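Contents: one structure, followed by commentary.
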Amino acid sequence: MPELPEVETIRRGLAHVMSGRRILRAELRRADLRRPFPPALAERLQGARIGALGRRGKYLLIELDDDGILILHLGMSGRITAGAASPAGRHDHVVLTLDDGSHIRFNDPRRFGLLDYTSRAQLARHPLLADLGPEPLEPGFDGVYLTAALAGRTTPLKSALLDQRVVAGLGNIYACEALYRARLSPRRRAGAIGRDRAARLAAAIRAVLEEAIAAGGSSLRDYVRADGGLGYFQHRWAVYGREGMPCPGCDCAEGVRRIVQAGRSTFYCAKRQR
DNA sequence: AGACGTACCTGACCGC
DNA sequence: TGCGGTCAGGTACGTC
């Protein structure tokens with residue numbers, strides 16, 4: 001599921017039910033996801049007091065006791081649900097029992113997600129986080145930055161946006177949607193977009209992410225239900241998954257075009273995006 | 001260094 | 001109904 005807006009929505013929803021609670025029990029129902037769980041993970045979780053929940057790009061960060069941080073990535077198919085105790089289901093890989101009796105479940109059919117554990121002091125240097133680009137919703141992410149970050153890159157603009165070193169948290173959907181809003185062709189060479197277009201793109205990225213978070217936030221209560229229903233942004237997608245259909249307000253006969261870039265589907269309007 | 005293909009997994013969907 | 005093929009929101013690694 002998860003790009004930045006979904007992880008942020010999850011973070012906010014989980015903070016309500018997790019922060020301040022103690023973990024009574026941590027059940028690891030297998031030894032790995034994308035890679036092995038860190039050593040003694042269950043022991044470190046068990047008994048820990050949960051602090052604030054943070055986010056960096058698509059990584060969810062859960063403070064434990066005074067110095068621990070649980071790092072969690074949802075991969076392609078990861079979900080976290082919270083609710084009353086019930087038997088673990090298929091693909092529920094990690095189940096936490098909190099001191100109010102509720103269960104937090106990490107479910108991930110494809111197992112591209114991961115869990116790791118570090119300390120607050122080491123967090124910024126953690127290999128998973130050290131090379132991430134700026135948070136697009138924080139100050140400093142603008143046309144000047146983007147121009148510099150993309151300088152010299154010959155890869156298509158769309159592919160560059162998926163590079164987490166350029167900007168943290170964009171995935172395939174929102175990269176497509178942001179380019180549509182900025183009216184920029186995904187095929188344009190990344191290193192050659194220029195200051196004005198870069199500023200347009202940075203603003204479009206911010207706008208699409210903020211709207212998606214707002215849409216997710218509106219169904220926040222739903223999200224933390226046991227069924228994991230999530231306020232995804234899909235009803236507002238202008239181009240993603242809409243091959244052959246018109247983009248909003250567009251009269252081009254062809255409709256949204258789908259191409260493959262670096263092995264990923266890209267959706268765009270060839271008339272409005274140049 | 002940067003760009004590309006491939007691998008990791010399961011599930012949903014489509015056409016036959 | 002079943003079967004094979006294709007595709008999927010992400011990242012890491014090897015190779016050129």
Side-chain angles (χ1 to χ4, degrees), chain A residues 1-11 29-37 55-60 71-80 89-94 106-116 126-133 136 148-180 186-192 205 208-209 211-213 215-216 223 227-244 256 258-267:
Chain A
M1 315 230 133
E3 300 182 35
L4 186 153
E6 290 72 42
V7 178
E8 178 61 21
T9 299
I10 290 164
R11 184 192 71 75
R29 306 187 70 243
R30 52 180 299 128
D32 60 25
L33 287 169
R34 193 167 86 212
R35 54 188 223 187
F37 293 147
R55 179 188 57 73
R56 180 76 174 95
K58 302 172 192 172
Y59 290 93
L60 189 63
I71 301 175
L72 201 150
H73 194 289
L74 298 171
M76 296 267 271
S77 58
R79 301 179 146 220
I80 303 176
R90 192 162 162 72
H91 308 306
D92 281 346
H93 305 308
V94 176
F106 183 24
N107 181 287
D108 185 6
R110 289 175 77 179
R111 305 205 303 271
F112 289 169
L114 71 83
L115 292 177
D116 204 356
H126 193 285
L128 292 170
L129 306 179
D131 294 331
L132 289 180
L150 297 176
R153 301 199 51 161
T154 57
T155 198
L157 188 50
K158 153 67 164 24
S159 303
L161 292 182
L162 293 182
D163 184 339
Q164 301 296 296
R165 294 170 299 184
V166 171
V167 52
L170 277 191
N172 206 34
I173 294 178
Y174 296 110
C176 292
E177 294 293 316
L179 286 167
Y180 170 77
R187 310 172 64 163
R188 198 177 264 277
R189 196 155 56 87
I205 289 169
V208 75
L209 294 177
E211 284 181 34
I213 290 170
Y223 171 66
D227 69 5
L230 178 63
Y232 221 86
F233 194 41
Q234 52 187 326
H235 297 303
R236 299 200 200 172
W237 294 338
V239 287
Y240 184 83
R242 295 177 53 83
E243 183 178 10
V256 171
R258 174 183 177 272
I259 59 175
V260 175
Q261 297 179 293
R264 314 286 310 270
S265 287
T266 297
F267 298 89

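Numbers restart at 1 for each chain; the letters A, B, ... are given by sequence-line order, proteins then strands. Just so you know, these numbers come straight off a predicted model, no measurement behind them.
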Could you pull out the closest heavy-atom pair between [X] and [Y], with the gap in Å?
X        : Y        : result
A/Ser77  : A/Pro109 : O-CD, 3.4 Å
A/Phe106 : A/Arg79  : CD1-O, 3.3 Å
A/Ile213 : A/Thr9   : O-OG1, 4.3 Å

- Contiguous pairing runs of three or more, Watson-Crick or G-U under 3.5 Å, that involve DNA chain B: B:2-8 with C:10-16, B:10-16 with C:2-8

- Message: Taking C/dC3 as the reference, what is the distance to B/dC9 when you measure between their P atoms (whole Å, please)?
- Response: 24 Å

- For each nucleotide in nucleotides 11-16 of chain C, reading 5' to 3', give B when a protein heavy atom comes within less than 4.0 Å of its base, S when such contact involves only the sugar-phosphate, and - otherwise. BS----

Can you find a pair of side-chain heavy atoms, one from [X] and one from [Y], that are under 4.5 Å apart?
X        : Y        : result
A/Ile71  : A/Arg56  : no
A/Tyr240 : A/Val256 : no
A/Asp108 : A/Leu74  : no
A/Val260 : A/Arg258 : yes
A/Leu209 : A/Glu8   : no

- Most 5' of A/Arg111 and A/Thr155 on DNA chain B, judged by nearest nucleotide: A/Thr155

- Using the closest heavy atom to pick a nucleotide of DNA chain B for each, name whichever of A/Arg165 or A/Ala262 lands nearer the 5' end. A/Arg165

- Please work out if A/Ser159 contacts a base, only the sugar-phosphate, or nothing of the nucleic acid, heavy-atom cut-off 4.0 Å. nothing

- Message: Could you work out, with side-chain hydrogen bond (donor to acceptor under 3.5 Å, both in side chains) as the rule, every residue matching A/Arg153, not counting sequence neighbours?
- Response: A/Asp163

- By side-chain hydrogen bond (donor to acceptor under 3.5 Å, both in side chains), A/Arg189 pairs with (sequence neighbours left out) none

- Is there a side-chain polar atom (N or O) of A/Ser77 under 4.0 Å from OP1 or OP2 of C/dA8? no

- Task: Using chain A heavy atoms and a threshold of under 4.0 Å, write down where along DNA chain B the contacts begin and end, 5' to 3'.
- Result: B/dA3 to B/dG11

- Item | Set of side chain to side chain contact (heavy atoms under 4.5 Å, CB included) partners for A/Pro186, sequence neighbours left out | A/Lys158, A/Leu179, A/Gln261, A/Thr266, A/Tyr268, A/Gln273

